[in-house]
2 protein chains.
Amino acid sequence: MNTKKQAEQILRDGHVKPTSIRLEVLSYLLGTDQHPCVDQIYLDLKERIPTLSKASIYNSLHLLVEEHIIQKITIEDEKTRYDADHSTHSHFFCKGCGQVMDIEGLDPNDFKSPLLKEFEVDQIQIYYAGYCPACKVQKEDKTDE
Amino acid sequence: MNTKKQAEQILRDGHVKPTSIRLEVLSYLLGTDQHPCVDQIYLDLKERIPTLSKASIYNSLHLLVEEHIIQKITIEDEKTRYDADHSTHSHFFCKGCGQVMDIEGLDPNDFKSPLLKEFEVDQIQIYYAGYCPACKVQKEDKTDE
DNA sequence: TTATAAATTTGTAATCATTACAAACGAGGT
DNA sequence: ACCTCGTTTGTAATGATTACAAATTTATAA
Ligand SMILES: [Mn+2]
Ligand SMILES: [Mn+2]
Ligand SMILES: [Zn+2]
Ligand SMILES: [Zn+2]
């Protein structure tokens, strides 16, 4: 487990004081590919840190997003997800299992239309929605029987 | 104003009973390029229909989304926007004026990565965030003085 | 037409994620 | 040890969405 070390380095580089909660939150995000929501982060960290408050999770996440250390992902409208990978990359949301996964291998910057010449584009979000391979076969099986 | 006729046709084609509220909501969406949220739709329609309930707006929107007649757009995480254009197209969200506008001229379907071969992709959402031409110059002016 | 059933619309209460904010805490510095 | 300031916590407020039962409208049958 050296996501802690990694987190500390990232915070220092970003001139953000590496407080205990910030380290916990960032290190948690670095250690997962699940794009968790606030509640997920809170529940998992709370097991090791019983005094933890959900407000602290919000505090840290807001700061980290502000400092461009992590990114916010808005897919389902009920809850916001967070990603330690702040680079521009695409996601797939599975309506079956609810997972959000990275789709590598395509560069969203290629989507910059010439129509955006007059715009200042700070961020590109791309996501696909549908069924992941596992959930897809499940659905087909159900239709069969 | 023949968005009403248009709405009626679309509902019939989709085998959705064209009730008065559904016609109002769909016709409102057809008549705007603003990608309005529930409250915007509600407030504007309420002026002409004083008995209107917000629950009815939710009812109609949910049904229309379900029937693939309109689409839900999730950009800002506080509120959901709706679009009578259910085709796959891109949007730009301006952090200055808060507007969401269509970006034509690129087909998101071109971007189906080979990595998605095993997936069932029902929907592609792409949006850019930043500053629209108008807000961009305003920002630059402020920096100058 | 009148009665009856079904669907729609309304009003309101409940839910749930997020925000606001004041009190408690804790790491440095004196 | 004491003070200060930023951090963390607990809790209340907000605001969008959902749930749901009552009222109203529309469709169907007698
Ligand atoms: Mn990701
Ligand atoms: Mn649009
Ligand atoms: Zn799945
Ligand atoms: Zn703008």
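Proteins get letters first, then strands, A, B, ... in listed order; numbering begins at 1 in each.
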Taking atom [atom2] of [N] as reference, at what distance in whole Å does atom [atom1] of [X] sit?
| X | N | atom1 | atom2 | result |
| --- | --- | --- | --- | --- |
| Tyr58(A) | dA20(C) | OH | P | 12 Å |
| Leu63(B) | dA7(C) | CG | P | 13 Å |
| Ile21(A) | dT9(D) | CD1 | C1' | 9 Å |
| Leu11(A) | dG6(D) | CG | C1' | 16 Å |
| Asp77(B) | dT14(D) | CG | P | 20 Å |
| Asp39(B) | dG15(D) | CG | P | 11 Å |
| Asn59(A) | dT11(D) | CG | P | 16 Å |
| Ile57(B) | dA16(D) | CD1 | P | 15 Å |

For [Y], does its backbone N or O pair with a side-chain atom of [X] as donor and acceptor, under 3.5 Å?
| X | Y | value |
| --- | --- | --- |
| Gln71(B) | Asp85(B) | yes |
| Arg81(A) | Ile73(A) | no |
| Lys79(A) | Cys37(A) | no |
| Arg22(B) | Lys17(B) | yes |

I want to verify a distance call: between [options], whose nearest atom is closest to the [X] side chain?
| X | options | result |
| --- | --- | --- |
| Ser56(B) | dG11(C), dT9(D), dT9(C) | dT9(C) |
| Arg22(B) | dA17(C), dG10(D), dT8(C) | dT8(C) |
| Thr80(B) | dT10(C), dT17(D), dT8(D) | dT17(D) |
| Ala55(A) | dT9(D), dT8(D), dT18(D) | dT9(D) |
| Thr19(A) | dT7(D), dT9(C), dT9(D) | dT7(D) |
| Leu52(B) | dT17(D), dT10(C), dT9(C) | dT10(C) |

State whether Lys54(B) and Asp39(B) are salt-bridged, where the test is any N-O pair (Lys NZ or Arg NE/NH1/NH2 against Asp/Glu carboxylate O) under 4.0 Å.
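Judged by the 4.0 Å cut-off on N to carboxylate O distance, Lys54(B) and Asp39(B) do form a salt bridge.
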
Any side-chain N or O of [X] under 4.0 Å from OP1/OP2 of [N]?
| X | N | value |
| --- | --- | --- |
| Thr51(A) | dT9(D) | yes |
| His62(B) | dT18(D) | yes |
| Ser20(A) | dT8(D) | yes |

Looking at every strand, decide which applies to Lys54(B) at a 4.0 Å heavy-atom threshold: base, sugar-phosphate, or nothing.
nothing

